[in-house]
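Below you'll find the structure, written out as structure tokens, and then a few comments.
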Amino acid sequence: MTTESKWWQHGIVYQIYPRSYQDTNGDGVGDLFGIIQRLDYLKSLNIDAIWISPIFPSPMHDFGYDVADYTDIHPMFGTLADFDKLLAEAHQRDLKILLDLVPNHTSDEHAWFVESRSSRDNPKRDWYIWRDPKPDGSPPNNWLSFFGGPAWTLDQTTGQYYLHQFVTQQPELNYRHPEVLPAMLDCMRFWLDRGVDGFRVDVIWLMIKDEQLRDEPPNQSGTSVQMGEYGKLNHIYTKDLPEVHGLIKQMRTLVDEYDDRVMIGEIYEPFEVLVQYYGKQADECHLPFNFHLIISEWDAVAVRQRVEEYEAHLPEGAWPNWVLGNHDQHRVATRTGYEQARMANMLLLTLRGTPTCYYGDELGMEDGYIPPEFIQDPPALNQPELADVIGRDPERTPMQWDDTTNAGFTVEGVTSWLPVTENYKTRNVALQLSDSNSMLSYFQQLTTLRRAEPALNRGDYATVKIVGDDLFAYRRDHAERDSFLIVLNFGASKHQLDLSHVGQHVQIALSTDLQRTGEVDLATLTLHGNEGLVLRLG
Ligand code: NOJ
């Protein structure tokens with residue numbers, strides 16, 4: 001795309017985990033006023049949209065992903081009036097606000113479920129998925145929870161099991177019941193009318209399950225430790241069912257009734273499945289989240305293959321996107337090593353497609369150490385032997401603002417809900433803002449460059465053939481503006497390469513260490529270990 005583009009195409013999305021961003025009322029948990037206070041900082045990152053993980057009333061069994069009321073704000077985060085203020089202040093700065101919609105399940109404290117579980121003949125009974133036990137009293141089938149253990153819990157009062165693929169307090173809605181989707185659309189309308197710019201939709205690929213509730217077969221193709229017990233089955237009856245696309249289309253139709261809004265779907269699937277979520281007529285998700293930079297092996301060959309595979313799979317007119325981190329995955333600086341975190345951000349911000357950055361990754365925040373007695377995340381508590389691998393607390397630690405107690409996240413004397421990561425004294429916003437070579441200064445220069453250059457924020461992509469397993473190079477081209485060559489070294493050693501087939505003497509637009517500037521000769525280009533260069537081809 002080299003002509004007109006939408007904000008959600010050329011722009012950058014930044015995810016805030018609100019519990020951990022900025023606490024202003026001294027309860028150790030972040031809040032909406034905290035985000036308002038930091039809007040100028042957010043603007044200085046050259047981002048375009050803020051996606052905020054759930055802020056709705058919730059008993060917090062899954063830290064907000066168990067929603068008890070879709071049309072209000074949890075008092076811990078503030079009020080509806082505070083939200084309106086956030087929206088107005090963000091819009092004043094030309095920043096969009098995306099909410100996290102969790103339609104697959106509610107909290108067991110949601111009024112719909114309270115009614116549903118009250119008796120077998122309650123009108124809302126079938127808004128959720130209830131089944132009788134097997135004759136021996138066991139669950140209706142072998143389905144598993146992502147967080148370990150069976151996906152069914154027996155309700156003693158009515159003698160039936162209900163389905164939940166996450167914690168037991170997250171019963172799953174039954175989208176085969178005709179009243180459920182309209183009810184969820186009403187909730188979406190509530191926020192769209194208030195002016196939100198769109199939604200990130202939680203586990204959109206799981207929203208509908210096999211009507212016959214058939215047992216899932218064992219997973220024959222191997223699994224990873226990260227998947228825990230859930231990885232033992234092949235989930236053919238709980239995800240990607242054909243009927244899900246009809247639901248998503250209706251959600252999209254609603255979003256399209258409003259100007260310039262966006263719908264982003266959370267989907268962990270291979271490319272051939274992922275791209276189906278754009279919809280056959282481009283009528284489903286604007287952006288089905290692409291997590292392949294997170295789930296891929298981290299080396300130049302594997303990443304190049306993923307990029308090419310994705311580009312090849314994208315249907316006509318579908319706009320790509322890339323995600324480097326989120327609240328469910330170990331931090332990028334931990335996954336790649338801190339020394340590669342700048343290069344990883346260069347990759348994210350120069351590939352073709354909308355980038356999503358996770359809060360703190362602009363500083364190189366790493367996973368925090370969570371002593372066993374402080375673990376809060378349900379999957380880690382359910383499967384303690386796997387806590388180090390599957391626990392999500394480490395990537396949710398408080399934002400590191402400065403070197404005062406609690407890293408400036410909350411006031412002195414208050415215990416933050418998760419411990420602040422130990423390196424906050426040397427890795428924080430205040431320090432990095434005062435250092436023109438810091439990772440944060442680098443991030444700001446990178447996003448400034450991306451914003452200024454149409455080739456980088458909407459131009460075409462082409463791999464550049466290169467010799468050497470550590471290196472990945474590609475071009476970004478725009479018909480009327482400068483083109484760029486990006487060369488990334490995924491290895492720790494220095495390489496010299498001949499890229500004279502691409503050009504001769506070219507300018508360094510940005511280097512990961514910010515030290516290299518001026519002209520380079522592409523016939524004898526050197527790349528230091530872990531280095532990335534953005535080169536202006538003219
Ligand atoms: C995906 C969310 O990103 C994750 O944090 C949550 O636990 C599950 N969905 C359940 O809502």
Side-chain angles (χ1 to χ4, degrees), residues 13 15-20 51-68 70 74 98-110 113 128-129 143-149 151 153 162-173 175 184 187 199-209 226-230 235 238-240 244 263-269 274 277 285 287-291 294-295 323-331 356 358-359 367 375-383 386-387 389-397 417-418:
V13 178
Q15 182 193 354
I16 288 183
Y17 195 67
R19 298 180 61 89
S20 300
W51 148 35
I52 310 175
S53 285
I55 47 178
F56 316 107
S58 162
M60 295 281 166
H61 292 292
D62 189 18
F63 299 107
Y65 285 92
D66 45 329
V67 179
Y70 290 97
H74 194 304
L98 308 180
L99 287 182
D100 206 320
L101 182 77
V102 191
N104 177 66
H105 42 269
T106 68
S107 156
D108 62 350
E109 294 184 20
H110 194 291
F113 189 71
Y128 292 83
I129 301 173
W143 295 357
L144 294 171
S145 158
F146 276 81
F147 292 168
T153 288
Y162 64 88
L163 181 72
H164 57 83
Q165 294 189 80
F166 296 93
V167 295
T168 51
Q169 297 89 347
Q170 284 167 306
E172 308 233 346
L173 283 160
Y175 281 92
M184 192 52 69
C187 301
F199 301 100
R200 171 268 190 188
V201 185
D202 194 67
V203 297
I204 204 166
W205 85 116
L206 307 183
M207 279 179 67
I208 204 150
K209 339 319 153 178
Q226 282 94 327
M227 294 312 288
E229 194 188 356
Y230 179 81
H235 299 283
T238 46
K239 59 171 198 173
D240 298 318
V244 80
M263 186 165 90
I264 307 179
E266 186 201 23
I267 301 140
Y268 282 89
E269 284 297 0
L274 180 65
Y277 286 86
C285 297
L287 301 173
F289 258 153
N290 166 11
F291 298 117
I294 297 178
I295 55 189
V323 184
L324 200 54
N326 64 35
H327 64 294
D328 295 329
Q329 307 291 340
H330 295 300
R331 282 204 176 259
T356 298
Y358 185 50
Y359 84 94
D367 278 5
I375 294 180
Q376 312 228 17
D377 187 35
L381 292 171
N382 287 351
Q383 301 172 84
L386 296 178
V389 188
I390 61 176
R392 301 172 300 175
D393 295 326
E395 59 263 24
R396 298 175 176 180
T397 58
W417 80 283
L418 279 176

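In what follows, residues are counted from 1 in the order of the sequence shown. Fair warning: this is a prediction, and the values are worked out from it, not measured in the lab. When a ligand or atom number is given, it counts from 1 through the structure's own listing order.
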Point to revise | Basic-acidic side-chain contact under 4.0 Å: Arg331, Asp367 | key: no
**Study point:** Set of residues satisfying ring-ring contact (aromatic ring centres under 6.0 Å, His included) with respect to His110, sequence neighbours excluded
**Key:** Tyr70, Trp112
Review point. What are the two closest heavy atoms between Met60 and Asp66, and how far apart are they?
Key: N-OD2, 3.2 Å
Check your understanding: Which atom pair, heavy atoms only, marks the closest approach of Gly265 to Ile204?
Key -> CA-CG2, 4.0 Å
Exercise for review: Using side chain to side chain contact (heavy atoms under 4.5 Å, CB included) as the criterion, list what pairs up with Thr397, not counting sequence neighbours.
Suggested key: Met365, Ile370, Thr421
**Study point:** Contacts of Gln329 that satisfy side-chain hydrogen bond (donor to acceptor under 3.5 Å, both in side chains) - sequence neighbours left out
**Key:** Tyr268
Check your understanding: So which residues, sorted by chain and number, lie with a heavy atom under 4.0 Å of ligand 1?
Key -> Asp62, Tyr65, His105, Phe147, Phe166, Gln170, Arg200, Asp202, Val203, Glu266, His327, Asp328, Arg392, Arg396
